[in-house]
Asks: 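Structure provided below as structure tokens; questions to follow.
What you are looking at is a predicted structure, and each value in this text was computed from that prediction instead of being measured.
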Amino acid sequence: MKRTNPLKIIEIESYANNLRSKFNVSLDEPFPILQLLEKFSNEGLLTVQYLEDNDKIFEENTPAKYNPSENYIYVKESVLEELENNEFRANFTLAHEFFHYFQFQVLDFKFEDVEKCLTYEDPEWQADEFAGQLLIPTNYILGDCDVDMLAAKFNVTKECVLTRKLYYERRLKRKQTLN
């Protein structure tokens, strides 16, 4: 397991909203993560390479991987095929890997191997939280929401909407309990 610089949820949300703002993507439209990765690749800021699913670079059940030493995001071809077939799990995968790029190249985070760490120091948790924040802005998961409508609106899976909403509600309850 790795540990990195701590991040609060509000900081991650700010990064996600600032990215939307920088690329003129309003809070009420899907974030075009594949187009962003292609733009970064075309500008030489990052390399995205699509590889066969059975390539030895991938660990089992790993759809994509960021390699900081090469500044590459390696993506299984099946992830691209999912997007072409409007299977939007791939958007979460790409947003997650983009955050790893962001941790290394923009935030200049440091990483160390540890046996365990606090949640907010876990780079995988941070990347998951960022992907959720980027793809589904917080104001859409407040209160009762139509999961099917949000999944279609933001090009994500229903599971992504449900998970985002569940985690938000848990944090809200914890906050209320502390007050």
Asks: Would R171 and E129 pass as an ion pair if we require N to O under 4.0 Å?
Replies: yes

Asks: Quick check against the 3.5 Å criterion: does K153 have a side-chain atom that pairs as donor or acceptor with the backbone of D28?
Replies: yes

Asks: Assigning hydrophobic clusters by single linkage (Ile, Leu, Val, Met, Phe, Trp, Tyr; side-chain heavy-atom cutoff under 4.5 Å), is I57 placed with V48?
Replies: no

Asks: Among all residues two or more places apart in sequence or in another chain, which pass the ring pair (Phe, Tyr, Trp, His ring centres under 6.0 Å) test with F58?
Replies: none

Asks: Who are the side chain to side chain contact (heavy atoms under 4.5 Å, CB included) partners of E115, not counting sequence neighbours?
Replies: none

Asks: Would you say the side-chain atoms of D53 pair up with the backbone N or O of S78, donor to acceptor, closer than 3.5 Å?
Replies: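 Checking the backbone N and O of S78 against the side chain of D53, a donor-acceptor pair under 3.5 Å is found.
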
Asks: Through direct or indirect side-chain contacts below 4.5 angstrom among Ile, Leu, Val, Met, Phe, Trp and Tyr, which residues connect to M1?
Replies: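 Listed partners: V114.
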
Asks: Return yes if some donor-acceptor pair links the side-chain N/O of K165 with the main-chain N/O of G143 below 3.5 Å, else return no.
Replies: yes

Asks: Rounded to the nearest 0.5 Å, what separates atom CD1 in I136 from atom SG in C160?
Replies: 4.0 Å

Asks: Could you tell me if the side chain of I33 sits less than 4.5 Å from the side chain of L134, heavy atoms only?
Replies: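 Of all side-chain heavy-atom pairs linking I33 with L134, at least one is under 4.5 Å.
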
Asks: Please examine the side chains of L19 and F102, heavy atoms only from C-beta on, and report whether any two atoms are closer than 4.5 Å.
Replies: no

Asks: Quick one: salt bridge (Lys or Arg N to Asp or Glu O under 4.0 Å) partners of R89, sequence neighbours excluded?
Replies: none

Asks: For S21, what residues pass the side chain to side chain contact (heavy atoms under 4.5 Å, CB included) criterion, not counting sequence neighbours?
Replies: none

Asks: Quick check for you: to the nearest 0.5 Å, what is the distance between E81 atom CD and Y50 atom OH?
Replies: 12.0 Å

Asks: Of all residues at least two apart in sequence or in a different chain, which pass the salt bridge (Lys or Arg N to Asp or Glu O under 4.0 Å) check with E97?
Replies: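 Once residues adjacent in sequence are excluded, E97 has no partner under the salt bridge (Lys or Arg N to Asp or Glu O under 4.0 Å) criterion.
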
Asks: Does anything in residues 156-179 form a ring-ring contact (aromatic ring centres under 6.0 Å, His included)? List the pairs, not counting sequence neighbours.
Replies: none

Asks: Which ILVMFWY residues can you reach from I10 by hopping between side chains whose heavy atoms are under 4.5 Å apart?
Replies: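 Answer for I10: none, a lone residue.
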
Asks: Using only atom types and a distance under 3.5 Å, with no angle test, would you say the side chain of N71 pairs donor to acceptor with the backbone of T47?
Replies: no

Asks: Taking the side chain as every heavy atom from C-beta outward, state whether N91 and F31 have any atom pair closer than 4.5 Å.
Replies: no

Asks: Any side-chain heavy-atom pair from L80 and E84 closer than 4.5 angstrom?
Replies: yes

Asks: Among all residues two or more places apart in sequence or in another chain, which pass the side chain to side chain contact (heavy atoms under 4.5 Å, CB included) test with S69?
Replies: N67

Asks: Counting only N and O atoms by type, is there a donor-acceptor contact under 3.5 Å from the side chain of R3 to the main-chain atoms of K116?
Replies: no

Asks: May I have all residue pairs that pass ring-ring contact (aromatic ring centres under 6.0 Å, His included) and include part of residues 111-152, sequence neighbours excluded?
Replies: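 Applying ring-ring contact (aromatic ring centres under 6.0 Å, His included) to every pair that reaches into residues 111-152, excluding sequence neighbours, yields F99-F130, F104-F111, Y140-F154.
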
Asks: With the 4.5 Å side-chain cut-off for hydrophobic clustering, are L27 and L150 part of the same group?
Replies: no

Asks: Decide yes or no on side-chain contact (heavy atoms from CB on, under 4.5 Å) for L7 and F109, but give the supporting numbers first.
Replies: CA-CA 11 Å; L7 277 179; F109 276 8; 3.8 Å; yes

Asks: For E124, what residues pass the side chain to side chain contact (heavy atoms under 4.5 Å, CB included) criterion, not counting sequence neighbours?
Replies: H96, H100, D122

Asks: For A90 versus E82, what's the shortest heavy-atom pair and its separation?
Replies: N-OE1, 3.6 Å

Asks: Can you establish whether the number of heavy atoms outside Y72 located under 6.0 Å from its atom OH is more than 12?
Replies: no

Asks: What distance separates D55 CG from E52 CD, expressed to the nearest 0.5 Å?
Replies: 7.5 Å

Asks: Quick one: are D113 and K2 in side-chain contact, heavy atoms under 4.5 Å?
Replies: yes

Asks: Do side-chain atoms of R164 reach the backbone of I141 as a donor and acceptor pair under 3.5 angstrom?
Replies: no

Asks: Between the side chains of Q126 and T4, does any donor sit under 3.5 Å from an acceptor?
Replies: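 T4 and Q126 do not have a side-chain donor-acceptor pair below 3.5 Å.
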
Asks: So do R20 and P137 actually touch side chain to side chain, heavy atoms under 4.5 Å?
Replies: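 Of all side-chain heavy-atom pairs linking R20 with P137, at least one is under 4.5 Å.
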
Asks: How many angstroms lie between atom CZ of F88 and atom OG1 of T93, to the nearest 0.5 angstrom?
Replies: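 Interatomic distance, F88 CZ to T93 OG1, rounded to 0.5 Å: 13.0 Å.
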
Asks: Give a yes or no on whether a salt bridge exists between E169 and K173, defined as a side-chain N under 4.0 angstrom from a carboxylate O.
Replies: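 Between K173 and E169 there is no salt bridge, as every charged N stays at least 4.0 Å from the carboxylate O atoms.
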
Asks: In this structure, would F92 and M149 fall into the same cluster of hydrophobic residues linked by side-chain contacts under 4.5 Å?
Replies: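 Same hydrophobic cluster.
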
Asks: Enter the distance from I73:CD1 to L46:CG here, rounded to the nearest 0.5 Å.
Replies: 4.5 Å

Asks: Would you compute the distance between atom CD of Q133 and atom CG of N17 and round it to the nearest 0.5 angstrom?
Replies: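 Here the rounded value is 7.0 Å.
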
Asks: Hey, does F23 have a side-chain heavy atom less than 4.5 Å from the side chain of Q35?
Replies: no

Asks: Where the side chain of K65 meets the backbone of Y74, is there a donor-acceptor pair that is under 3.5 Å apart?
Replies: no

Asks: Would a 4.5 Å heavy-atom cut-off, applied to side chains only, mark V25 and L36 as touching?
Replies: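 Side chain of V25 against side chain of L36, heavy atoms only: no contact under 4.5 Å found.
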
Asks: Do the side chains of L37 and V106 join up, straight or via other hydrophobic residues, at under 4.5 Å, putting them in one cluster?
Replies: yes

Asks: Are L34 and L51 co-members of a hydrophobic cluster defined by side-chain heavy atoms under 4.5 Å apart?
Replies: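 Unlinked, L51 and L34 end up in two clusters.
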
Asks: Would you please name every residue forming a salt bridge (Lys or Arg N to Asp or Glu O under 4.0 Å) with E70, sequence neighbours left out?
Replies: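 If we apply the salt bridge (Lys or Arg N to Asp or Glu O under 4.0 Å) test to E70, skipping adjacent residues, there are no hits.
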
